[in-house]
2 protein chains.
Amino acid sequence: MVEASQRTDTPLKLWVTLARAFDAVEHHSRASIARFGLGATEFGVLEVLYHKGRLPVCEVQRRILVESSSTTYVVDKLVKRGLVRRRPSGRDRRVVLLALTPAGRRLIGRIFPPHANAMRRAVAALPARQQAQAVRLLRALGKGAAALSLVERHTQPHVEDVLPPAGERR
Amino acid sequence: MVEASQRTDTPLKLWVTLARAFDAVEHHSRASIARFGLGATEFGVLEVLYHKGRLPVCEVQRRILVESSSTTYVVDKLVKRGLVRRRPSGRDRRVVLLALTPAGRRLIGRIFPPHANAMRRAVAALPARQQAQAVRLLRALGKGAAALSLVERHTQPHVEDVLPPAGERR
DNA sequence: GTCGAATATCTCGATTTCGAGATACTTTTT
DNA sequence: AAAAAGTATCTCGAAATCGAGATATTCGAC
């Protein structure tokens with residue numbers, strides 16, 4: 001055990017608080033979506049197609065925040081259930097366009113509003129003004145962190161100050 | 001596709017922004033931890049034991065934000081690697097106390113500082129003052145959402161405004 | 001004190017997610 | 001226009017995570 005000089009380490013505290021807040025709110029999201037027999041990721045796909053219309057797989061992937069292999073997996077399931085269809089794009093023959101089927105549109109159209117309400121309730125502890133404030137801060141935070149990832153991808157794989165001796169790595 | 005009256009729906013925007021920010025920052029966390037051949041959850045266990053000392057499993061679980069079955073799974077792995085030990089608690093015979101072994105302490109002691117640095121960099125896009133501001137807002141948001149979960153657990157399972165007709169549920 | 005509710009941990013099977021790479025195509029460079 | 005680099009999607013196997021429930025123990029109300 002080590003003394004917590006974290007007492008005033010705002011950056012670390014921010015990371016912890018962000019994780020906790022996300023977890024708490026996400027819980028509501030999961031629960032709300034589960035009512036309808038969908039997983040969070042499946043819902044995400046339906047939702048983005050609902051709001052943005054036909055989209056390439058890669059675009060959907062970017063928006064639902066999972067890896068490409070997971071996207072394929074989830075889309076497969078939705079296609080099997082007849083909620084989404086795949087179609088090749090004329091312009092770029094690598095891309096596959098996704099769109100809702102009529103059944104998919106009906107489903108998400110019925111599900112989305114109550115889910116949105118659940119999410120509004122989930123964040124309602126924060127008064128409107130502070131919500132807006134939080135959006136601004138989180139947007140900057142997210143953009144900054146994402147940008148940093150891009151930078152680091154073009155830098156050396158960044159072996160840090162310390163590496164564990166071979167014996168204790170696995 | 002549906003027109004986005006989301007234009008000014010701050011609560012929903014907050015949820016989306018929160019998710020994006022978390023994802024972006026978490027990416028750094030994962031990458032940083034992966035350098036040392038650990039998973040995020042394994043790291044979490046080591047870290048909490050490092051900073052808090054011996055703890056019951058349930059306490060660790062609460063802090064690393066995963067379900068109890070996952071906690072067992074991760075702790076198993078750490079025990080097998082000789083980084084953590086399990087020991088029964090005298091007072092409450094349901095409880096199992098977790099603690100770092102000397103090897104575990106050495107490992108996390110070497111890994112934690114560079115990881116903490118990585119996380120400080122990850123959130124550094126936000127100036128100090130705004131970080132503090134964000135911590136306050138996120139804390140309130142998280143507390144509020146968590147409290148709401150507790151309330152709802154004591155309420156009826158809350159079948160919402162709408163339910164899909166049996167045919168389209170699975 | 002006893003009985004029922006709550007809590008702590010674990011087991012087991014199923015699902016989800018990831019990561020590394022294959023493949024096919026497009027864009028950029030030379 | 002050929003080579004190289006980049007992008008989009010998918011496959012496959014491994015790993016992480018969950019959820020329901022089993023078991024043991026403790027707490028709380030009566």
Between A:C58 and B:A40, which is nearer to the 5' end of DNA chain D once each is assigned its nearest nucleotide? A:C58

Under a single-linkage rule joining Ile, Leu, Val, Met, Phe, Trp and Tyr whose side-chain heavy atoms are separated by less than 4.5 Å, which residues share a cluster with A:V95?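 Listed partners: A:L97.
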
Taking only residues at least two apart or on different chains, which pairs with a member in residues 63-74 of chain B satisfy salt bridge (Lys or Arg N to Asp or Glu O under 4.0 Å)? B:E59-B:R63

Tell me the interatomic distance from [X], atom [atom1], to [N], atom [atom2], rounded to whole angstroms.
| X | N | atom1 | atom2 | answer |
| --- | --- | --- | --- | --- |
| A:R30 | D:dT17 | CZ | P | 11 Å |
| A:L38 | C:dT16 | CG | P | 11 Å |
| A:E42 | C:dT17 | CD | P | 8 Å |
| B:Q61 | D:dT17 | CD | C1' | 12 Å |
| B:R87 | C:dA8 | CZ | P | 21 Å |
| A:R63 | D:dA8 | CZ | C1' | 16 Å |
| A:E26 | D:dT17 | CD | P | 12 Å |
| A:I33 | C:dT16 | CD1 | P | 13 Å |

Can you give the donor-acceptor pairs under 3.5 Å from side chains of residues 134-142 of chain A to other protein atoms, not counting sequence neighbours?
none

B:L18 side chain near A:L18 side chain, heavy-atom distance below 4.5 Å: yes

Does D:dA16 have its OP1 or OP2 closer than 4.0 Å to a side-chain nitrogen or oxygen of B:K77?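 So the side chain of B:K77 is within the cut-off, an N or O lying under 4.0 Å from OP1 or OP2 of D:dA16.
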
With sequence neighbours excluded, what pairs up with A:R87 under the salt bridge (Lys or Arg N to Asp or Glu O under 4.0 Å) test? none

Sequence neighbours left out, what passes salt bridge (Lys or Arg N to Asp or Glu O under 4.0 Å) with A:D23? Give chain and number order.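 Testing A:D23 for salt bridge (Lys or Arg N to Asp or Glu O under 4.0 Å), a comparison that skips the adjacent residues, returns none.
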
[X]: side chain to side chain contact (heavy atoms under 4.5 Å, CB included) partners, not counting sequence neighbours:
| X | value |
| --- | --- |
| B:V75 | B:T71, B:V79, B:R86, B:L98 |
| B:A125 | none |
| B:A99 | B:R54, B:R85 |

Any protein N or O atoms within reach of nucleotides 26-28 of chain D? Criterion: under 3.5 Å, listing atom names and distances.
unit_1 : atom_1 : unit_2 : atom_2 : d
D:dT26 : OP1    : B:R93  : N      : 2.9

Tell me every residue that passes side chain to side chain donor-acceptor pair (under 3.5 Å) with A:E26, counting only those two or more places apart in sequence or in another chain.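 Testing A:E26 for side chain to side chain donor-acceptor pair (under 3.5 Å), a comparison that skips the adjacent residues, returns A:R30.
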
Could you tell me, to 10°, how much the axis swings from one end of the helix from C:dG1-D:dC30 to C:dT30-D:dA1 to the other, five pairs per end?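 Axis angle across the helix from C:dG1-D:dC30 to C:dT30-D:dA1, nearest 10°: 50°.
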
Sugar-phosphate only, base, or nothing, as touched by A:R86 at under 4.0 Å among non-hydrogen atoms: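 Answer is sugar-phosphate: A:R86 comes under 4.0 Å of backbone atoms only.
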
For the rings on B:F112 and B:H51, is their centre-to-centre separation under 6.0 Å?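 Aromatic pair counts; centres sit under 6.0 Å.
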
Considering only heavy atoms, which members of residues 64-75 of chain A lie under 4.0 Å from some atom of DNA chain C? A:V66, A:E67, A:S69, A:S70, A:Y73

